[in-house]
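In what follows, a structure is listed as structure tokens, so that the remarks can point back to it.
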Number of protein chains: 2
Amino acid sequence: MRDREPVTTERIVATAVALLDEGGAHGLTMRRLAGRLAVTATALYWHVKTKDDVLDLAVDRIFGDVPLPAAGADWRDDARGLLREWRLAMLRHPWAPGLIGRPVVGPNVLARTEFLQSALARGGYAGRRLTVITRVLANYVIGSALTEATGRAAPDDDLFEAGLDAIL
Amino acid sequence: MRDREPVTTERIVATAVALLDEGGAHGLTMRRLAGRLAVTATALYWHVKTKDDVLDLAVDRIFGDVPLPAAGADWRDDARGLLREWRLAMLRHPWAPGLIGRPVVGPNVLARTEFLQSALARGGYAGRRLTVITRVLANYVIGSALTEATGRAAPDDDLFEAGLDAIL
DNA sequence: ACCTGAACACCGTTCAAGT
DNA sequence: ACCTGAACACCGTTCAAGT
């Protein structure tokens, strides 16, 4: 009852991210989420259709922290900088890579993917070659984050960078 | 009560895979699993420590279907053949990529990773370069399977193959 | 428009008890 | 050794009702 800011979708998502950071996928519960917002669990369903919605929003939310710089001089630096930050954002929220498999693509993820693609296009890639290289890079980042975030492989910035060297 | 074969860990895992195939991560329930085996939910806990154990076993189980050929003449064919089958196994069980993020590595996954690494070693990779290329390839496969299995990207064998061309 | 309360149909897991 | 039954502390979600 300390909590008197109105419940908004934004506050729901922010709190969901906090809960996920604290307890992993296991830590997010509609009831717990509601408790944090000083509201009944059932109240959430006025703002949000389902728990899966909350998960989708939470995943997209953390990609909002990946800086989307203005296109710089060097397209390669632009692309690699984005991929670097992309990976780091997921390592900061280790529950994210496993959830990235959800079918929904949020606006933040979309914007970053498009930035990557346009940087590569400036590098001379086009058509099918552009599609291939974009996918290879994006999938490499996702796979890396997934294995590193769960401790299956120790996070290693240099190794990740060396992998980029091998591709781009 | 039709079911009179004894409950074993193997049967538990096989049934778990079936349940996951039918209903995704959402479809696997200790109670449902037990029902299929004509046994009480609590009986499972004699064979298995926790539901997470079942998930780990199920993930490793499907990698047992990835053929581990004898090392052939062409190391590149060996490596790419394995990666191809690896991806296909995950696409046959779309719940798997998202669960691959669990910390536990089972023996089947381990054996396949080692086969990949040894094929690449035959190709002349060694030391740090070997580590890097192994990771790049494994992470590319995992990332591809993750995005394709959930319909975020349409599965496309040729595109996947073209990605391999760009790396190896 | 926004929230509560009660209710429904579930969960995973523990533990004493049976055979 | 292997399984049951009862129990505990939870879940997500719907829906009528309140303000």
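Because the structure is a prediction, the values reported are computed rather than measured.
Scored by the salt bridge (charged side-chain N to carboxylate O under 4.0 Å, His left out) test, A/Asp157 finds A/Arg87 as partners (sequence neighbours excluded). Taking B/Asp78 as the reference, B/Arg122 meet the salt bridge (charged side-chain N to carboxylate O under 4.0 Å, His left out) condition, with sequence neighbours excluded. Checked against side chain to side chain contact (heavy atoms under 4.5 Å, CB included), B/Ala79 has the following partners two or more places apart in sequence or in another chain: B/Leu116, B/Ala119, B/Leu120, B/Leu168. The salt bridge (charged side-chain N to carboxylate O under 4.0 Å, His left out) test applied to B/Arg61 returns B/Asp65, not counting sequence neighbours. With sequence neighbours left out, B/Arg152 forms a side-chain hydrogen bond (donor to acceptor under 3.5 Å, both in side chains) with no residue at all. Remark: B/Arg128 engages no residue in a side-chain hydrogen bond (donor to acceptor under 3.5 Å, both in side chains) (not counting sequence neighbours). For the salt bridge (charged side-chain N to carboxylate O under 4.0 Å, His left out) test, residues two or more places apart in sequence or in another chain that qualify with B/Asp165 are B/Arg80.
Within the structure, salt bridge (Lys or Arg N to Asp or Glu O under 4.0 Å) contacts touching residues 18-31 of chain B (residues at least two apart or in different chains) are B/Glu22-B/Arg36.
If you check D/dT13, D/dC2, C/dT13 against the side chain of A/Ala41, the one that comes closest is D/dT13.
Against DNA chain C, the stretch residues 47-62 of chain B makes heavy-atom approaches under 4.0 Å through B/Thr50, B/Lys51. Within residues 14-31 of chain A, the residues approached by DNA chain C to less than 4.0 Å at the level of any non-hydrogen atom are A/Arg31, in residue-number order.
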Side chains of residues 49-56 of chain A: which donor-acceptor partners sit under 3.5 Å, not counting sequence neighbours?
{"residue": "A/Lys51", "atom": "NZ", "partner": "A/Leu28", "partner atom": "O", "Å": "3.0"}
{"residue": "A/Asp52", "atom": "OD1", "partner": "A/Arg102", "partner atom": "NH2", "Å": "3.2"}
{"residue": "A/Asp56", "atom": "OD1", "partner": "A/Arg102", "partner atom": "NH1", "Å": "2.8"}

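With a cut-off of 3.5 Å on both pairing distances, the Watson-Crick and G-U wobble pairs of DNA chain D assemble into stems of 3 or more at C:4-8 with D:12-16, C:12-16 with D:4-8.
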